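Input: a single structure, listed below in structure tokens.
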Amino acid sequence: MERILITSALPYINGVKHLGNLIGSQLPSDVYARFMRSLGFEVMFICATDEHGTPAELAAISKNIPVKDYCEEMWSLQKKIADDFHISFNYFGRSSSQQNHQLTQHFATKLWENSFIEEVEEKQVYSLADNRFLPDRYITGTCPACGYEKARGDQCELCTKQLEPTDLINPKSTISGSQSLEIRTTKNLFLKQSLLKEKLEKWIETKEGWPVLTKSIAKKWLNTKEGLKDRGITRDLSWGIPVKKYENIWPGFEDKVFYVWFDAPIAYIATTKEWSDKNKLPDMSWKRWWLIDEGAENVSYVQFMAKDNIPFHTISFPATIFGSGENWKQVDFIKGFNWLLYEGGKFSTSEQRGIFMDQALDLYPADYWRWWLLANAPESSDTDFTWESFQSTINKDLADVLGNFISRVANFSVSKFGNVIPETQIYGQLEKETIKKLDYHYKCLKDLMQNIEIRKSCNALRSIWVTGNEYLQKAAPWSILKENPEKSKMIIRFSLNLINLYSLVSEPFIPFTCGKIRDHFQFSKVTKWPESLDSFLNTLGDGHKIFVPDILFHKITDEERIRYQQTFSGMDL
RNA sequence: GGGCGAGUAGCUCAGUUGGUUAGAGCAGAGCGCUCAUAACGCUUUGGUCGCAGGUUCGAGUCCUGCCUCGCCUACCA
């Protein structure tokens, strides 16, 4: 049996993520993971916090705590929020784990052995006041082209001219504001991915089913004027993975660490090992996911990420793996997402614009967010979140179509036939036709999800929900109750079985609610979805108890919508 | 500047390799039902498919040019 390895792009440790980050990787990968498990595949679903780099150091400094403690705290927080959104990771690790230290150093050593690493002298800006080298974006000054005074060292945001920090007039550190900057020569390791250009190109060519977004970004990087550029993989920082070769400090790199974009993807592998170690499992248990000839030849590996991450997953990380010369599993499919916008603009962490994951859960249950985000996933282009759309989608799809169906069936059943499922069970023509219709949508749903078409899957699921209401309206058990109570009972028995079906097939999308439905109606947990629905829709046995559930989805009122539109405008905070 | 994507009903979007009357959801209109969270069902009004040419028996779908919008462009992760 084929196994499925799924990784979600690593969220940066720097604070709580917003809804755009959620729909960019964790949420769609979770739906896919849950779905593939339901189809009977063995799944390994991995994520971790990406903890290294300058922003983490600075955040810790501003909080006046050691960066290690800061990361510890933020990791716990991010893990808790992911749990609250019911993201079903097999393991949520950390890029700062010992496993990642060892593995990153191992990869560097292998790359060096195979001549894919060289030491390069380069000039970088050093801030005396901050006592550190500054990444380009942490330097601002006057743009030599347009005179804009807050141009960044990598690019002027006003005239969009690409800059070098040394181009800036009156440069200063954004961290301290200090102008005592100097150019210092420093030595870094470079990954010579240019040597792997042909190999990467051929490899990407074989990936026919990849989304346009993914492939076009990859090709762009391979085919710029200068060709594929080599990339620095070390930095002059203290927080990170020490630069080692054969387990000894790399001579001349005593005060340096590997760059986050080198160690972060490797953390996918290291986190799987972290999982294995934590559970005291033999090495085989993680290697069978990651090493060809040790089990990974039967693994299908799917990565989820937002489009900003695509270059690293199509170029740098594959280059690292190819360059190692070892049998590491390469990705089979990359699902890339566009941006989620907030009411026409960008989500912004610094301006507190938009909705952050922790705030979202204070307002509405996770499934509300999950459903809207999935039904509107930015697959083909950027998608705008608006409160109006959120209100309309939730009220219509969840409350009216799904929730109300469950209410009307349960209410009718209990009020007419008591707290037990009606016994009459020979289905008629209409039921058979309905099963046929459901089977069609069910098959669509499975096909779409296997192709990771998130939006379309939501449509297919919605069609399944709608079918129940259509059926009930045609069958009209309330109008034939008097002259033909047996038939009315049969209709309700069938309808109660539909609720069972809904709790099953909706689970990847709205798992919390489905669990609630299953508990309330005492549905037994199904580990593998049925091939077809014929017999499944007759699984509730005689004597099964039925009670009216509480309202599953409360509607979002106009007052709430208006209030939140104002609260989250980002202007008055 | 270069690259990529998008422009289809009032809104959000689907439209496989070009083939007969261009689809869905929401919103609007009408009818029906009354079990239900005034929920549900049925019917229905909206489109010279960004613009201009071209290829073809035939183009939303292919080619050329143009317009508008968005994204990316390598030390932000």
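The chains referred to below are lettered A, B, ... by the order of the sequence lines, with proteins before strands, and numbering in each begins at 1. Treat the numbers as computed from the prediction; the structure is a model and nothing was measured.
Across B/U12, B/U37, B/C75, the shortest atom-to-atom separation from the side chain of A/R235 is found for B/C75. Of the candidates B/A77, B/U12, B/C26, the closest approach to any side-chain atom of A/V260 belongs to B/A77. Closest to the side chain of A/R408, out of B/G41, B/A36, B/U37, is B/A36. Minimum atom distance to the side chain of A/K220 is reached by B/G3, of the listed B/G3, B/C40, B/G70. Which of B/U37, B/A77, B/C42 sits closest to the side chain of A/P55 comes down to B/A77.
In this structure, A/F262 atom CZ and B/A77 atom C1' are separated by 17 Å, rounded to whole Å. The interatomic distance linking A/I233 (CD1) with B/A74 (C1') rounds to 15 Å, in whole Å. Counting to the nearest Å, the C1' atom of B/G41 and the CG atom of A/N404 are 12 Å from each other. Atom CG of A/N395 and atom P of B/U37 are 15 Å apart (whole Å).
Distance noted for atom C1' between B/A24 and B/G47: 14 Å (whole Å). Comparing the P positions of B/G10 and B/G1 gives an interatomic distance of 33 Å, to the nearest angstrom. Rounded to a whole angstrom, the distance from the C1' atom of B/C51 to that of B/C76 is 39 Å. Spacing between B/G18 and B/G30 at atom C1', rounded to whole Å, works out to 39 Å. For the C1' atoms, the distance linking B/G60 with B/C40 amounts to 35 Å, nearest Å. B/C69 and B/U8 have their C1' atoms separated by 16 Å, given to the nearest Å. Look at the P atom in both B/G25 and B/U44: the space between them is 12 Å, to the nearest Å. Comparing B/U68 with B/A22, their C1' atoms are spaced 24 Å from each other, to the whole Å.
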Margin query: Under the criterion side chain to side chain donor-acceptor pair (under 3.5 Å), I'd like the reasoning laid out for A/N376 against A/T383: C-alpha separation, chi angles, the key distance, then a yes or no.
Written below: CA-CA 7 Å; A/N376 296 285; A/T383 296; over 6 Å; no
Check: Which is it for A/W239 and A/C71 under the side chain to side chain contact (heavy atoms under 4.5 Å, CB included) test, yes or no, and what are the steps along the way?
Finding: CA-CA 11 Å; A/W239 172 237; A/C71 288; 3.6 Å; yes
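Put simply, A/K555 has no side-chain N or O that comes within less than 4.0 Å of OP1 or OP2 on B/A38. The phosphate of B/A36 (OP1 or OP2) has no side-chain N or O of A/S495 nearer than 4.0 angstrom. For B/G41, the OP1/OP2 oxygens have no side-chain nitrogen or oxygen of A/Y471 closer than 4.0 Å. Look at A/K307 and you won't find any side-chain N or O under 4.0 angstrom from OP1 or OP2 of B/G5. Between A/K396 and B/C40, a side-chain N or O to OP1/OP2 separation shorter than 4.0 Å is present. Residue A/R231 has a polar side-chain atom (N or O) positioned under 4.0 Å from OP1 or OP2 of B/C75. Within the structure, a side-chain polar atom (N or O) of A/R462 is placed less than 4.0 Å from OP1 or OP2 of B/C26. OP1 or OP2 of B/C72 lies within a sub-4.0 Å distance of a side-chain N or O belonging to A/W339.
Annotation: cation-pi geometry not satisfied between A/K192 and A/F190 (NZ/CZ under 6.0 angstrom from ring centroid, within 45° of ring axis).
Remark: B/G32 base-pairs with B/C40. Criterion, Watson-Crick or G-U wobble with two distances under 3.5 Å. B/G46 makes up no base pair with any nucleotide shown, lacking Watson-Crick or G-U wobble contacts both under 3.5 Å. The partner of B/U55 cannot be assigned: no Watson-Crick or G-U wobble pair with both contacts below 3.5 Å exists in any strand. Nucleotide B/U12 forms a pair with B/A24, judged by Watson-Crick or G-U wobble geometry with both contacts under 3.5 Å. Nucleotide B/G70 forms a pair with B/C4, judged by Watson-Crick or G-U wobble geometry with both contacts under 3.5 Å.
Residue side chain A/E379 does not reach the base of B/C13 through any donor-acceptor N/O pair under 3.5 Å, judged by distance alone. Evaluation of atom-type donor-acceptor distances gives a pair under 3.5 Å for the side chain of A/Q124 against the base of B/C75.
Using a 4.0 Å heavy-atom criterion, one finds that A/N223 contacts no nucleic acid atom at all. Looking at heavy-atom distances under 4.0 Å, A/K17 makes no contact with the nucleic acid at all. At a threshold of 4.0 angstrom between heavy atoms, the contacts of A/S381 with the nucleic acid are absent. Among the atoms of the strands shown, base atoms are found under 4.0 Å from some heavy atom of A/L228. Looking at heavy-atom distances under 4.0 Å, A/L552 makes contact with a base.
A/W369 and A/F390 have their aromatic ring centers within a separation under 6.0 angstrom. Taking the ring centroids of A/Y268 and A/H313, they lie under the 6.0 Å cut-off. In this structure, A/W339 has its ring center no closer than 6.0 Å to that of A/F347.
Of the residues A/R132, A/K256, A/R184, the one that meets the salt bridge (Lys or Arg N to Asp or Glu O under 4.0 Å) test with A/D236 is A/K256.
Ranked by how close their nearest RNA chain B nucleotide is to the 5' end, A/S216 and A/W221 are led by A/S216. Ranked by how close their nearest RNA chain B nucleotide is to the 5' end, A/Y138 and A/K474 are led by A/K474.
B/G7 adopts an anti glycosidic conformation, its chi angle falling more than 90° from 0.
Ring stacking is absent between A/F412 and B/C35, as the pair misses the limits of under 5.5 Å between centres and under 30 degrees between planes.
Taken to the nearest 0.5 Å, the OG1 atom of A/T7 stands 4.5 Å off from the CD atom of A/Q303.
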